[in-house]
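Take a look at the structure below.
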Amino acid sequence: MRDEIDEQILETLRRDSRTPITELARKVGRSRTAVQARLTKLEQTQQILGYTIKEPSTVETGGLGAIVLISMEIRSKGEAAAREFASMPEVASCLRVIGDHDFALLIKPIEKPRLNFMLEQIYKIDGVKRTETIMVLSKEF
């Protein structure tokens with residue numbers, strides 16, 4: 001179970017996953033050893049699943065992210081489609097959803113021509129019936 005100290009550590013890492021342990025320790029008022037033990041525990045209990053980086057190329061180029069909602073013609077083709085989505089480097093996440101759509105793809109920030117090409121590739125996947133693309137304007141948090 002996470003406590004206030006764990007939450008402070010996680011909040012700091014959400015802002016910058018490369019924050020040094022010594023700085024984390026200073027921010028939460030604990031020793032470096034205690035913070036390292038907490039990080040290990042958070043990782044082992046899968047409260048932290050990994051660390052990320054920000055790629056300057058997508059920020060500098062003004063790339064756009066998107067959410068692509070996908071409806072399948074036949075749900076049984078979903079597994080094969082999901083494997084194809086996983087092979088696309090632009091797809092940050094593939095979520096299986098309930099409602100009018102079967103999948104929601106979270107697309108990394110990319111240039112418009114690349115996004116257009118990627119959408120064309122999605123349309124060609126066997127079983128894809130319909131897509132709806134939502135363009136991301138900004139990230140609030």
Side-chain angles (χ1 to χ4, degrees), residues 1-30 32-141:
M1 183 150 182
R2 297 191 312 217
D3 64 11
E4 186 177 325
I5 302 296
D6 290 339
E7 291 299 332
Q8 289 174 359
I9 291 169
L10 290 170
E11 184 57 35
T12 301
L13 291 174
R14 283 183 195 111
R15 286 190 205 111
D16 182 2
S17 63
R18 295 186 65 194
T19 302
I21 292 176
T22 52
E23 187 175 333
L24 284 172
R26 183 187 56 75
K27 285 185 176 189
V28 301
R30 298 290 188 265
R32 185 184 185 289
T33 305
V35 170
Q36 181 62 61
R38 283 175 177 268
L39 283 172
T40 300
K41 182 181 134 209
L42 289 167
E43 290 168 355
Q44 289 174 344
T45 60
Q46 297 187 338
Q47 301 295 306
I48 295 177
L49 298 175
Y51 299 87
T52 62
I53 61 168
K54 293 180 183 177
E55 299 177 80
S57 61
T58 59
V59 174
E60 291 168 3
T61 60
L64 299 171
I67 300 166
V68 179
L69 302 172
I70 300 170
S71 298
M72 299 299 295
E73 193 171 15
I74 302 170
R75 287 185 190 250
S76 63
K77 294 187 178 188
E79 294 302 318
R83 284 191 296 277
E84 292 202 46
F85 302 148
S87 73
M88 298 176 171
E90 301 87 357
V91 176
S93 274
C94 174
L95 309 168
R96 191 173 292 269
V97 296
I98 295 174
D100 293 337
H101 306 284
D102 298 297
F103 293 100
L105 301 181
L106 304 179
I107 309 301
K108 297 175 186 174
I110 56 177
E111 294 294 327
K112 288 178 189 178
R114 184 68 188 157
L115 178 60
N116 187 52
F117 174 78
M118 199 196 102
L119 291 171
E120 291 297 327
Q121 298 307 304
I122 290 171
Y123 300 142
K124 293 176 184 177
I125 293 174
D126 186 38
V128 171
K129 176 181 168 183
R130 181 172 64 89
T131 67
E132 180 180 343
T133 302
I134 301 167
M135 298 303 298
V136 175
L137 297 176
S138 66
K139 182 178 178 181
E140 298 298 320
F141 61 90

Original post:
Does the side chain to side chain contact (heavy atoms under 4.5 Å, CB included) test come out yes or no for Leu115 and Met135, once each step is laid out?
Top reply: CA-CA 10 Å; Leu115 178 60; Met135 298 303 298; 3.5 Å; yes

To the nearest 0.5 Å, how far apart are [atom1] in [X] and [atom2] in [Y]?
X      : Y      : atom1 : atom2 : answer
Glu84  : Ile125 : CD    : CD1   : 4.5 Å
Thr19  : Arg26  : OG1   : CZ    : 10.0 Å
Ile21  : Glu23  : CD1   : CD    : 12.0 Å
Met88  : Cys94  : CE    : SG    : 10.0 Å
His101 : Ile67  : NE2   : CD1   : 11.5 Å
Phe85  : Leu95  : CZ    : CG    : 11.5 Å

Subject >> With Ile48, the side chain to side chain contact (heavy atoms under 4.5 Å, CB included) member among Thr40, Leu39, Ile9 >> reply: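 So, applying the side chain to side chain contact (heavy atoms under 4.5 Å, CB included) to Ile48 and each of Thr40, Leu39, Ile9, only Leu39 qualifies.
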
Original post:
Leu105 pairs by side chain to side chain contact (heavy atoms under 4.5 Å, CB included) with which of Thr133, Val91, Thr131?
Top reply: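 Of all the options given, the one that passes is Val91.
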
Original post:
Between the side chain of Lys108 and the main-chain N/O of Ala66, is any donor-acceptor distance below 3.5 Å?
Top reply: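 Not confirmed, Lys108 side chain does not pair with Ala66 backbone.
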
Original post:
Quick check: does any side chain N or O of Ser17 sit under 3.5 Å from a backbone N or O of Leu13, one acting as donor and the other as acceptor?
Top reply: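 Checking the backbone N and O of Leu13 against the side chain of Ser17, no donor-acceptor pair under 3.5 Å is found.
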
Original post:
Does the pair Glu90 and Met118 meet the rule for a side chain to side chain contact (heavy atoms under 4.5 Å, CB included), with working shown?
Top reply: CA-CA 8 Å; Glu90 301 87 357; Met118 199 196 102; 3.3 Å; yes

Original post:
Arg30 and Ile5: side chain to side chain contact (heavy atoms under 4.5 Å, CB included), yes or no, with the steps?
Top reply: CA-CA 9 Å; Arg30 298 290 188 265; Ile5 302 296; 3.7 Å; yes

Under a 4.0 Å threshold between the charged nitrogen and the carboxylate oxygen, would [Y] count as salt-bridged to [X]?
X      : Y      : value
Glu73  : Lys77  : no
Asp102 : Arg96  : no
Arg114 : Glu111 : no
Lys124 : Glu120 : no
Glu7   : Arg2   : yes

**OP:** Might you work through the side chain to side chain contact (heavy atoms under 4.5 Å, CB included) test for Glu4 and Val28, ending with a clear yes or no?
**Re:** CA-CA 9 Å; Glu4 186 177 325; Val28 301; over 6 Å; no

Original post:
Do Ile70 and Val68 have side chains that get closer than 4.5 Å, going by heavy atoms?
Top reply: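 Side chain of Ile70 against side chain of Val68, heavy atoms only: contact under 4.5 Å found.
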
